[in-house]
Amino acid sequence: MSAETNNPGLKRTLGPVMLWGLGVGYVISGEYFGWNLGLPLGGTYGMLAATVVMTVLYVTFILSYTELACAMPKAGGVFVYAGRALGPVGAFFAGLVQIVEFVFAPPAIASAIAAYIAQKYGGLNREMIAIVAFLVFTGINAWGVRQAAIFELGVTILAVVELLVFMAVVAPSFEPANLAIDPLPNGWGGAFACLPFAMWFYLAIEGVANAAEEAKDPQRNVAIGFSAAIFTLVTLALGVFFTATAVGGWRAIVYPPGSTVESDAPLPLALAQVVAVESPLYTMLLGIGLLGLIASFHGIILAAGRATMEMGRSGFLPRPLGRVNAKTQTPIVALFVNLVFGVVAILSGRTGEIITLACFGAVSLYIVSMISLVLLRRNEPDLPRPYKAIAYPVFPLVALVLSVLTLIAFVVTNPEIAAVFAAILVVGFVYYFAIGRSRVDEEALRSS
């Protein structure tokens with residue numbers, strides 16, 4: 001028997017707690033780094049405004065998106081939903097932007113892992129640390145989904161605990177006046193430039209949908225996992241934002257002492273203002289904090305593998321990408337192709353730009369998924385929906401409008417990255433119309 005098969009089957013092993021662990025784990029690195037890179041653009045007030053907007057967007061989005069995930073629990077996530085609602089072209093667009101999000105988020109996180117390690121061991125090569133991390137965690141994901149999910153749950157719980165401990169340690173040094181230090185360096189217009197970095201607080205929680213095919217009783221467990229994850233993340237995001245910035249002002253968690261280079265490790269910078277760098281507490285929190293980055297890194301690699309696999313399995317991308325290893329029941333080919341793109345991104349050394357590119361993919365995913373939700377409600381009213389979007393149609397429309405406005409803000413404030421994103425879409429659609437379209441079973445796609 002071949003080690004691989006073109007008719008893959010993913011193993012159903014995930015319960016609601018593991019899905020919560022995946023949902024929080026995909027995102028939790030956003031509480032540890034990335035968001036602070038928006039502070040030089042918008043200051044405390046601009047970043048806070050952007051965070052509030054993103055919080056509303058994500059709460060309304062997840063409470064709507066869960067309907068699709070429960071109705072169609074497939075590894076392709078939005079790719080499957082858009083295929084049923086919009087047909088092959090919509091499916092390809094959705095799958096492509098999902099891959100952009102999930103493939104480019106991990107290298108940004110890998111760079112942050114290297115930055116955290118460099119806080120303690122400054123002589124190590126950061127790019128090499130990031131690449132080694134990518135190799136190790138791609139290997140864990142290739143090993144098996146249950147092993148990967150158990151590992152993810154463990155590191156996620158530790159990472160949540162560490163954030164709570166961090167907030168408890170720095171809270172006594174909370175000074176409200178520090179929030180007002182240079183709060184709008186570029187006026188309120190700077191808040192628009194903060195949006196990609198505020199999105200980093202929640203980016204990739206939608207990856208839970210890509211694990212739905214591997215969930216036990218997905219119609220019930222996905223809804224529980226999604227809802228618990230988003231409310232956990234809202235609490236952590238707001239808590240970290242206020243406690244970290246109020247210790248010494250926003251500049252203190254963006255620029256290391258004596259440096260003008262933006263840091264990928266804001267929480268250690270905040271912590272160093274409260275406890276000595278040489279203290280056991282600092283070392284312990286730094287080590288556990290590293291697990292938060294690992295949780296997201298590992299989890300998004302898992303989601304990215306499923307997203308790429310589904311595009312190959314459906315014929316939109318080369319079919320070898322859709323193969324699942326018969327022994328491990330994991331998409332090994334897709335995982336290692338994603339690894340190659342991740343290493344190239346790491347070597348670029350442009351963490352902020354990579355974060356923004358991932359956000360372009362994410363917000364496009366949110367737009368097409370909310371359109372798909374509305375169209376399926378209208379065109380397929382009898383589709384089984386074990387979970388229905390809360391406050392329909394208000395919540396889906398709020399999520400859609402905020403996503404469109406966010407995309408416009410991204411384009412206006414990041415024209416060069418918008419051009420790169422557009423180029424990826426153009427190349428993708430050239431491939432689709434030249435090769436991919438002839439391989440797709442349109443009837444099967446619409447009945448997924």
Side-chain angles (χ1 to χ4, degrees), residues 6 8 10 26 61 65 68-69 71-106 203-214 300-324 331 333-335 337-338 340-342 357-373 375-376 403 407 420-448:
N6 283 318
L10 297 171
Y26 291 153
F61 168 74
Y65 190 66
L68 297 171
M72 292 166 278
K74 299 290 184 180
V78 69
F79 163 75
V80 175
Y81 319 147
R84 186 153 184 157
L86 299 167
V89 174
F92 183 78
F93 174 81
L96 186 57
V97 298
Q98 180 173 237
I99 288 174
V100 169
E101 176 188 1
F102 289 159
V103 168
F104 285 101
L203 184 82
I205 186 175
E206 64 275 11
V208 173
N210 298 81
E213 193 172 334
E214 293 156 286
I300 298 175
I301 288 174
L302 185 150
R306 274 85 188 141
T308 303
M309 179 205 73
E310 191 67 28
M311 290 283 278
R313 186 162 66 175
S314 300
F316 282 96
L317 292 179
R319 288 200 181 274
L321 291 171
R323 292 176 180 166
V324 171
V333 177
L335 285 167
V337 169
N338 291 347
V340 172
F341 283 99
L357 182 59
C359 289
F360 268 95
V363 74
S364 300
L365 182 157
Y366 306 154
I367 291 169
V368 73
S369 60
M370 291 300 96
I371 291 172
S372 298
L373 173 61
L375 288 177
L376 287 171
S403 296
L407 181 60
V420 172
F421 180 63
I424 292 172
L425 295 181
V426 169
V427 171
F429 272 101
V430 167
Y431 173 86
Y432 168 72
F433 284 111
I435 300 173
R437 180 171 57 174
S438 62
R439 299 175 176 176
V440 177
D441 184 340
E442 296 189 17
E443 186 62 32
L445 184 68
R446 288 187 180 277
S447 61
S448 294

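Please read these numbers as outputs of a predicted model, since none were measured by experiment. All heavy atoms count here, side chains included; hydrogens, waters and symmetry mates do not. Numbers for residues simply follow the sequence, beginning at 1.
Between Met72 and Leu376 the shortest side-chain heavy-atom distance falls below 4.5 Å. Residues Val80 and Arg84 form no side-chain contact, since every pair of their non-hydrogen atoms from C-beta on lies 4.5 Å or further apart.
The two residues Ile301 and Leu335 have their closest heavy-atom pair at O-CD2, 3.5 Å. For the residue pair Gly95 and Met311, the shortest heavy atom distance occurs at CA-SD, 3.6 Å. The shortest non-hydrogen separation linking Leu86 to Ser372 is CD1-OG, 3.8 Å. Looking at every heavy atom in both residues, Phe61 comes nearest to Ser369 through CE1-OG, 3.2 Å. Among all heavy-atom pairs drawn from Ala204 and Tyr26, the shortest one is O-CD1, 3.3 Å. Across all non-hydrogen atoms, the minimal contact from Val368 to Ala82 is CG2-CB, 4.2 Å.
Ring planes of Tyr65 and Tyr81: perpendicular class, angle over 60° (limits at 30 and 60°).
More than 12 heavy atoms of other residues, nucleotides or ligands lie within 6.0 Å of CZ in Phe429, so this atom counts as buried by the packing criterion.
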Check step by step if side chain to side chain contact (heavy atoms under 4.5 Å, CB included) holds for Tyr366 and Glu206.
-> CA-CA 9 Å; Tyr366 306 154; Glu206 64 275 11; 3.1 Å; yes
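To the nearest 0.5 Å, the span separating CG on Leu302 from CZ on Phe102 amounts to 10.0 Å. Here the CG atom belonging to Leu68 is positioned 5.0 Å from the CG atom belonging to Leu373, to the nearest 0.5 angstrom. In this structure, the separation between CZ on Phe93 and OH on Tyr432 is 13.5 Å, given to the nearest 0.5 Å. In this structure, Gln98 CD and Thr308 OG1 are separated by 8.5 Å, a value rounded to the nearest 0.5 Å. Atom CZ of residue Arg306 and atom CG of residue Asn338 lie 11.0 Å apart, to the nearest 0.5 angstrom.
Among the candidates Val100, Val97, Ile99, Leu96, the single residue satisfying the side chain to side chain contact (heavy atoms under 4.5 Å, CB included) test with Leu365 is Val97.
Residues that satisfy the ring-ring contact (aromatic ring centres under 6.0 Å, His included) test with Phe421, not counting sequence neighbours, are Phe360.
Within the 3.5 Å criterion, the main-chain N or O of Arg323 finds no donor-acceptor partner in the side chain of Arg313.
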